[in-house]
Amino acid sequence: MQKFTDLKNKADQEYNTLLTKPRIRIGTDISGVAAGSIEISNELSKHISEHNLDITLSHVGGFGLSFAEPLIDIQMPDGSRVFYSNVTVDNVGKIVQNHLINGNPVYDLAFAYSGNLTNTNNTPEFYQLPENKLQKKVLTENFGEIDPTDIYEYIANDGYSALAKALFQMEADNVHKEILDSKLRGRGGAAFPTGVKLGFLKGSEAKEKYILCNCEEGDPGAWNDKAILESDPHRLVEGLILAAIATNASNGIIFIRHGNDIPIDRTKAAIKSAYENGLLGQNILGSEFTFDAEVVLVGESYVAGEETALMEAVEGKRAMPRYKPPFPAAFGVWGHPSNINNIKTIANLPSIISKGSSWFTSIGTETSTGTAILCLSGNINKPGLYEIEMGTTIRSVIEDICDGIPNNKELKLLQTGGPLGGVLNSSKLDTSIDFDSMAKAGAILGSGGIIVADQDVDVIDLTRMLIAFCQFESCGKCFPCRLGNSHLLEILNRICGKTSTESDIELMRKVGTNMQQGSLCGHGQLGFNPIKSALEYFKDDFDLALDTSISVPNVTINIPTRANRY
Amino acid sequence: MEPITNNSDLETQINNAIENNLSGRMTILAALLAVQDDIGYIPQKALEIVSELNTTTVNDVWGVASFYPNFRFDPPTEHTIEICWGPSCHITGAQDIIKSCLTELNLETEGDTNDGFINFKFNTCLAACAQSPVGSVDHKIIGRLNKKKIIDLINNLKSQKK
Ligand SMILES: Cc1cc2nc3c(=O)[nH]c(=O)nc-3n(C[C@H](O)[C@H](O)[C@H](O)COP(=O)(O)O)c2cc1C
Ligand code: FES
């Protein structure tokens with residue numbers, strides 16, 4: 001424990017020193033970068049060095065407020081902060097001159113403030129904005145606040161204290177029991193109870209056991225896994241070690257798609273500094289416990305996110321699912337007992353261990369405890385990443401947090417849980433966001449992506465796009481999925497091309513049933529979901545598309561396809 | 001990138017790529033990704049080298065290389081443009097952006113321009129969905145795209161051609 005106390009003291013000291021200087025935070029996660037935050041950061045650096053200012057410029061992940069990006073905030077040593085949204089290169093000079101040099105925040109450019117400031121010219125308080133206030137931040141509490149590459153900042157904000165608690169104040173059995181009692185369910189799609197899954201690995205006597213953390217995140221419309229890696233990677237590292245303590249695992253692998261450089265670099269940096277500070281490796285923090293962690297990259301493949309395909313990809317092969325049994329807990333990566341968990345699942349563990357399972361079960365609903373990180377995109381006023389308590393309604397998220405649909409249009413469609421999830425119509429807006437209610441409505445919560453489309457969306461064309469995705473991403477190992485998806489795409493092309501008949505709907509249902517029953521993994525088993533849910537909620541659109549006497553505006557046929565990979 | 005003509009140079013370059021760029025443990029996929037990152041494509045020779053390093057056959061290596069769309073098998077173009085066709089981008093206008101790109105680049109679908117200067121590629125999601133429509137130019141992600149913005153970007157690349 002002494003080692004942790006020393007580390008904590010050092011971290012607090014470093015953090016307090018940091019607070020004595022003005023600090024600019026700028027969000028440089030993928031979303032921020034896409035909005036131009038690197039240009040803003042460069043411009044800031046230029047002005048800071050031109051004026052010789054003693055200021056810390058921190059690249060944080062981001063608050064998730066994508067609509068406000070590039071978003072910067074300037075914090076003064078007295079703790080007050082002013083947030084500037086949609087900053088342009090042209091505004092940077094003015095902000096630096098007035099705020100940092102003259103000490104006068106530029107309220108006419110400000111988005112919000114926090115702390116002790118007067119005469120703020122009607123600028124709203126940051127944490128009272130509906131998009132912040134209506135969130136319940138557990139996993140995302142550090143997002144936008146701390147420098148993800150600075151381990152001391154994580155530790156000064158209570159990071160790694162759950163690890164110290166688990167190592168020195170708890171029995172390994174109790175760590176596992178706490179996770180079981182929290183009723184935490186997997187955030188990767190299937191919503192399987194995490195404590196039960198960890199129990200399978202715990203039961204194995206093998207010496208070499210693996211915890212695989214799934215950050216593949218191939219679902220278009222979801223970026224919350226990468227956001228954790230970009231904004232708070234140490235939370236994942238800490239969670240991974242906790243999962244290892246609960247199961248007595250020896251190795252951890254964090255699995256990320258190649259090409260996502262920001263998340264990859266920040267994760268690697270976090271692992272490196274965890275090793276340097278004795279938080280990974282031999283005798284962690286001076287305890288008896290030893291655990292190693294590494295990052296493995298995989299090529300572009302959606303099916304690589306499926307747990308057995310993931311193990312194949314880790315071994316460097318084609319990402320194709322394995323037959324089960326044997327199950328991963330018996331025969332996993334390189335044949336060693338393994339456990340695969342989504343990153344959001346793992347990242348929940350530090351809070352569960354430090355605050356206790358009863359605290360966790362007090363959040364959310366009876367069967368879906370905790371929070372959900374949602375990714376809102378599409379036709380919506382405030383696209384972004386928001387963490388909400390399970391049980392919040394979709395309507396509240398869309399209307400209260402995201403400020404509704406732009407241009408006074410009506411909401412027509414919601415696509416949730418990734419391409420294998422489903423689509424809903426506006427009659428389902430009062431659905432509670434939890435695993436069971438979403439599944440009952442015919443969509444899934446899945447990875448937490450919610451894509452919103454307004455009245456102008458062409459439902460059939462969108463469905464075709466989703467099936468094109470499923471077809472393109474089928475790994476080709478089992479034929480119901482490989483041929484089924486191609487067949488479905490062919491039929492949808494016919495419907496879009498107005499050369500279809502009513503019987504095609506029946507045919508699609510038949511193909512879909514075969515895929516569901518005959519496919520090896522979830523990709524084929526769930527592949528009919530987009531069409532099934534579209535037929536349920538948008539029957540009128542299909543009728544219109546099938547009626548050749550009505551000419552509809554010529555839909556774009558030009559969907560990208562790539563030669564199949566088999 | 002300079003085309004490599006000398007065979008032993010190429011071999012050295014492949015070996016260096018794997019040695020310096022390998023992320024984590026040696027596997028077929030990790031070695032191939034290292035070569036792709038460093039050299040910009042997978043030369044035939046790399047398949048052989050990777051197979052030796054992994055004590056397996058060239059066939060097995062090709063099986064992996066042909067599975068993942070990350071890899072290309074001829075020397076890279078000077079520039080790369082990627083456009084996302086995922087659902088968020090689809091809803092917010094990706095189709096129009098893709099069409100503009102294809103017209104500007106004189107292409108039917110993804111691939112290299114006639115002069116081999118620009119490669120155009122589809123992506124299923126560039127993970128900046130909240131800034132849709134999204135694309136990338138030389139791996140730099142750019143959000144809130146519209147037709148004008150993408151055409152300007154393409155023209156800017158074209159003007160760099162010597
Ligand atoms: C085609 C397919 C793709 C998947 N992709 C992912 C993914 O990207 N990330 C993820 O965590 N789980 C994904 N899953 C689910 C995993 O198989 C697995 O259930 C999950 O990682 C387990 O973690 P959890 O228990 O924490 O949810 C996918 C499943 C299928 C069938
Ligand atoms: S759907 Fe286009 S970036 Fe995600």
Side-chain angles (χ1 to χ4, degrees), chain A residues 30-31 33-36 38 66-67 69 217-223 226 258-261 264 268 294-302 313-319 375-379 383-385 415 419 449 451-453 457 461-462 465-466 469 472-473 475 556 558-562 565, chain B residues 23-34 36-37 50 54 56 60-61 63-71 82-92 94-96 98-99 102 108-110 121-132 134-136 139-145:
Chain A
I30 299 176
S31 171
V33 170
I38 295 299
S66 309
F67 66 92
E69 274 156 339
E217 198 173 49
D219 280 346
W223 63 93
K226 288 171 209 93
H258 173 269
N260 291 301
D261 293 343
I264 293 168
K268 285 186 171 170
E294 63 196 293
V295 170
V296 169
L297 304 184
V298 68
E300 287 165 38
S301 155
Y302 182 68
V314 169
E315 295 178 14
K317 304 176 192 152
R318 287 181 158 213
C375 296
L376 273 290
S377 64
N379 302 132
L385 178 148
Q415 207 277 323
I451 302 168
V452 184
V457 69
D461 188 44
L462 179 69
M465 186 264 128
L466 293 170
F469 175 90
F472 172 64
E473 290 291 1
C475 80
T556 39
N558 200 4
I559 271 202
T561 50
R562 231 179 295 196
R565 39 166 81 117
Chain B
S23 174
R25 309 182 192 211
M26 166 66 76
T27 65
I28 299 176
L29 178 57
L32 287 172
L33 287 172
Q36 173 71 39
D37 275 350
V50 172
N54 287 279
T56 180
D60 277 349
V61 177
V64 175
S66 59
F67 182 80
Y68 295 100
N70 300 63
F71 302 115
E82 278 186 275
I83 302 288
C84 170
W85 63 286
S88 316
C89 294
H90 181 90
I91 286 170
T92 49
Q95 293 264 316
D96 276 346
I98 290 174
K99 275 187 189 158
L102 293 174
E108 296 276 316
T109 181
E110 63 177 356
K121 199 174 171 215
F122 299 124
N123 194 299
T124 50
C125 178
L126 285 158
C129 327
Q131 312 293 6
S132 65
V134 183
S136 81
H139 303 292
K140 181 182 179 305
I141 296 199
I142 301 164
R144 302 172 190 168
L145 279 179

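As the structure is a prediction and not an experimental result, all values here were calculated from the model. Proteins come first, then strands; the chains are lettered A, B, ... in the order of their sequence lines, and each starts at number 1.
- Heavy atoms closer than 4.5 Å to chain A are found in both the backbone and the side chain of B:A127.
- Counting heavy-atom pairs closer than 4.5 Å to chain B, the top residue among A:P383, A:G218, A:A313 is A:P383.
- Side-chain contact annotation: B:H139 with A:D261, donor-acceptor N/O pair under 3.5 Å absent.
- For the atom pair NE2 of B:H90 and CG of A:D461, the computed distance is 4.0 Å after rounding to the nearest 0.5 Å.
- Rounding to the nearest 0.5 angstrom, the gap separating the CG atom in A:D219 from the SG atom in B:C129 is 10.0 Å.
- Residue A:A222 touches chain B through its backbone alone, counting heavy-atom pairs closer than 4.5 Å.
- The shortest side-chain heavy-atom distance between B:S66 and A:R318 falls under the 4.5 Å cut-off.
- Counting heavy atoms from C-beta on, the side chains of A:H258 and B:S23 never come closer than 4.5 Å.
- For A:E217, no part sits under 4.5 Å from any heavy atom of chain B, backbone or side chain.
- Nearest heavy atoms, A:E69 versus B:R144: O-NH2, 2.9 Å.
- Of the listed residues (B:P87, B:S132, B:G24, B:G86), the one with the most heavy-atom contacts under 4.5 Å to chain A is B:P87.
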| message | Pair A:Q415, B:I91 - check side chain to side chain contact (heavy atoms under 4.5 Å, CB included), show working. | response | CA-CA 11 Å; A:Q415 207 277 323; B:I91 286 170; 5.9 Å; no
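- The side-chain heavy atoms of B:T124 and A:F472, taken from C-beta on, include a pair separated by under 4.5 Å.
- Comparing A:I264, A:L297, A:I38, A:V33 by how many heavy-atom pairs each has under 4.5 Å with chain B, the most go to A:L297.
- A donor-acceptor pair under 3.5 Å is formed between the side chain of B:Q131 and the backbone N or O of A:S66.
- Considering all non-hydrogen atoms of both residues, A:S301 and B:Y68 come closest at CB-CE2, 3.8 Å.
- Here the CD1-NZ distance, from B:I28 to A:K317, works out to 8.5 Å after rounding to the nearest 0.5 Å.
- The contact between A:E315 and chain B is made entirely by backbone atoms, counting heavy-atom distances below 4.5 Å.
- Contact annotation for A:L462: both backbone and side-chain heavy atoms come within less than 4.5 Å of a heavy atom of chain B.
- With a threshold of 4.5 angstrom between heavy atoms, A:L376 approaches chain B through N, CA, C or O but not through any side-chain atom.
- Most heavy-atom pairs under 4.5 Å with chain B, from the set A:A35, A:S31, A:G378: that is A:S31.
- For a residue to count as touching a neighbouring chain, one of its non-hydrogen atoms must lie under 4.5 Å from one of that chain's; by this rule A:V298 touches chain B with backbone and side chain alike.
- Neither the backbone nor the side chain of B:N54 has a heavy atom closer than 4.5 Å to any heavy atom of chain A.
- Looking at B:L126, the atoms closer than 4.5 Å to chain A (heavy atoms on both sides) all sit in the backbone: N, CA, C or O.
- Under the 4.5 Å side-chain criterion, counting only non-hydrogen atoms from C-beta, B:F67 is in contact with A:C475.
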